[in-house]
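Working notes for the structure below.
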Amino acid sequence: MFTSFRLKLLLVTALVASACFVASSVSASHTWFNYHWARTSNPFTLMLGDNVSGSWDPYLTLVSADWSLSSVLDTVVVPGKTNPKNCKPIVGRVEVCNSKYGNNGWLGIASIWASGEHITQGTVKMNDSYFNSPSYNKPEWKRFVMCQEVGHTFGLDHQDENFNNANLNTCMDYTNNPLSNQLPNAHDYDMLETIYAHLDPTSSVSSVAASTNGNEIDHNNQSTWGQSIRTSSDGKASLYVKETKDGKVFTFVIWADDTH
């Protein structure tokens, strides 16, 4: 009887530990190094510069609305102030672009400039060299990649970087089948509340179009992205960092699948 009781106790303990592990995995933090936009009040409004073509406009509008459901952050789509061919950053806002950037391996890319822990500007680029192909020219792929890259510009990291496990029902999750990964989920909104729980004495968010700070990244030249600091389950680099005279530039990459 004692042995049976011990076995039952060990089984219950194992099940509880397993449940705690799953819960902690799902609720794990996915901020990246405490980077955030400085602002003096919540909710704050971040401008998304529209440098995308008409075929991409609906996805930018949807993604802006999806992220604006956050209690601490609103986004507004405004006329773009850059050339989509190079998509140079503009201080105080995020420029969103699409173009045929070439068969350079990446499907979507986001670069975020930071001074100290404060984000100062960002760019998001959708690579039509791949999105024009039958494999990626699909609504679920366009919304998924757009949602994830824009999400990075707020200070959010990936929730998961394994392409082959079950989807987490968030666009911040790597996947080979994005049908259920097109939107932020509750944990993404919770993380935004954590990131922006404090206020700052000054703001790095601009309500008017300023100029670039001159520290552009050549997304067709991987050697300019800086050092790879993390790889995903497929062995490819998913995050780069480059030191500049003004701070750092972080570049998040979704690579195109060579088998598509």
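FYI, side chains are in, hydrogens and waters are out, and symmetry mates aren't considered; it's all heavy atoms of this structure.
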I need the minimum non-hydrogen distance between Phe163 and Ser232, along with the two atoms involved.
CE1-OG, 3.9 Å
Correct closest heavy-atom pair for Ala38 and Thr202 would be CB-O, 3.4 Å
Using atom types as modelled and distance alone, determine if a side-chain donor or acceptor of Tyr196 lies under 3.5 Å from a backbone N or O of Trp37.
yes
Going by heavy atoms in the side chains, are [X] and [Y] under 4.5 Å from each other?
| X | Y | result |
| --- | --- | --- |
| Leu192 | Leu156 | yes |
| Leu239 | His152 | no |
| Lys248 | Tyr35 | yes |

The single option from Thr175, Asn177, Asn176 that satisfies side chain to side chain donor-acceptor pair (under 3.5 Å) with Asn164 is Asn176
Could you tell me whether Lys125 and Glu149 make a salt bridge, using a distance below 4.0 angstrom between a side-chain N and a carboxylate O?
no
Testing Asn127, Val253, Thr123 for side chain to side chain contact (heavy atoms under 4.5 Å, CB included) with His219, which one passes?
Thr123
Out of the candidates Tyr240, Tyr101, Trp255, Tyr130, only one should pair with Trp106 under the ring-ring contact (aromatic ring centres under 6.0 Å, His included) rule; please name it.
Tyr101
Aromatic ring proximity, centroids under 6.0 angstrom, Phe250 and Trp32:
yes
Under 6.0 Å from the six-membered ring centre of Trp56 and within 45° of its axis: does the NZ or CZ of Lys142 meet both?
yes
How about Asp160 and His30: does a side-chain donor come under 3.5 Å of a side-chain acceptor?
no
